[in-house]
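Here the structure is laid out as structure tokens; the discussion comes afterwards.
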Amino acid sequence: MKILRGRENGAPSNPRSDTFTGTVWMDPVVAPTDGVAVNTVFFPPGARTHWHRHTEGQLLLVTHGRGYVQSDPDEGSWVLPGDVVYVPAGEQHWHGAGPESYLVHVAVSLGTTEWSTEVTDEHYRSLLNP
Ligand code: MN
């Protein structure tokens with residue numbers, strides 16, 4: 001048994017930029033173990049992931065703010081605190097904040113992540129500011 005105290009002891013918050021739009025902060029809840037990574041992720045308004053897939057899938061537990069998720073070819077959906085998003089293995093998708101609200105979710109990521117292209121400003125605005 002291991003009790004996780006909210007974030008891995010001594011691990012710094014990790015600003016991400018290569019595969020995200022905007023400055024996204026990730027806090028490891030627990031170091032990746034047996035192909036499972038658990039991170040708390042903070043997206044400021046407008047920030048989002050690039051399109052990507054998880055080889056074994058992902059669960060997103062929305063805790064604060066207001067955000068948006070989209071799978072290809074789905075239209076996507078707003079997400080609010082309490083919502084849990086299940087992304088099946090290999091499904092192309094992105095997730096991020098709304099244009100006027102931050103988003104915090106806990107991401108349980110399984111396997112490895114395969115990154116693709118950015119979610120363009122044009123695409124993001126067409127979905128979130130129709
Ligand atoms: Mn994902």
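Note that these values count all heavy atoms, side chains included, but never hydrogens, waters or copies made by symmetry. All residue numbers in this chain count up from 1 along the given sequence. Numbering of ligands and ligand atoms starts at 1, following listing order.
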(message) For Phe42 and His64, I'd like to know if the aromatic rings sit close, meaning centre-to-centre distance below 6.0 Å.
(response) no
(message) Restricting to non-hydrogen atoms, name the atom on Leu80 and the atom on Asp83 that form the minimum distance, rounded to 0.1 Å.
(response) N-OD2, 2.7 Å
(request) Output, in order, the C-alpha distance, side-chain angles, deciding distance and verdict of side-chain hydrogen bond (donor to acceptor under 3.5 Å, both in side chains) for His54 and Thr113. (result) CA-CA 5 Å; His54 305 280; Thr113 304; 3.2 Å; yes
(request) Only counting residues at least two apart or in another chain, list the ones meeting side chain to side chain donor-acceptor pair (under 3.5 Å) with His123. (result) Gln70
(request) Compare every heavy atom of Tyr68 with every heavy atom of Val79, then report the nearest pair and how far apart it is. (result) CG2-N, 3.9 Å
(request) Could you tell me which non-hydrogen atom of Pro99 sits nearest to which non-hydrogen atom of Tyr124, and how far apart they are? (result) N-OH, 3.1 Å
(message) Taking 2.8 Å as the distance threshold, tell me the number of protein N/O/S atoms next to the Mn ion (ligand 1).
(response) 5
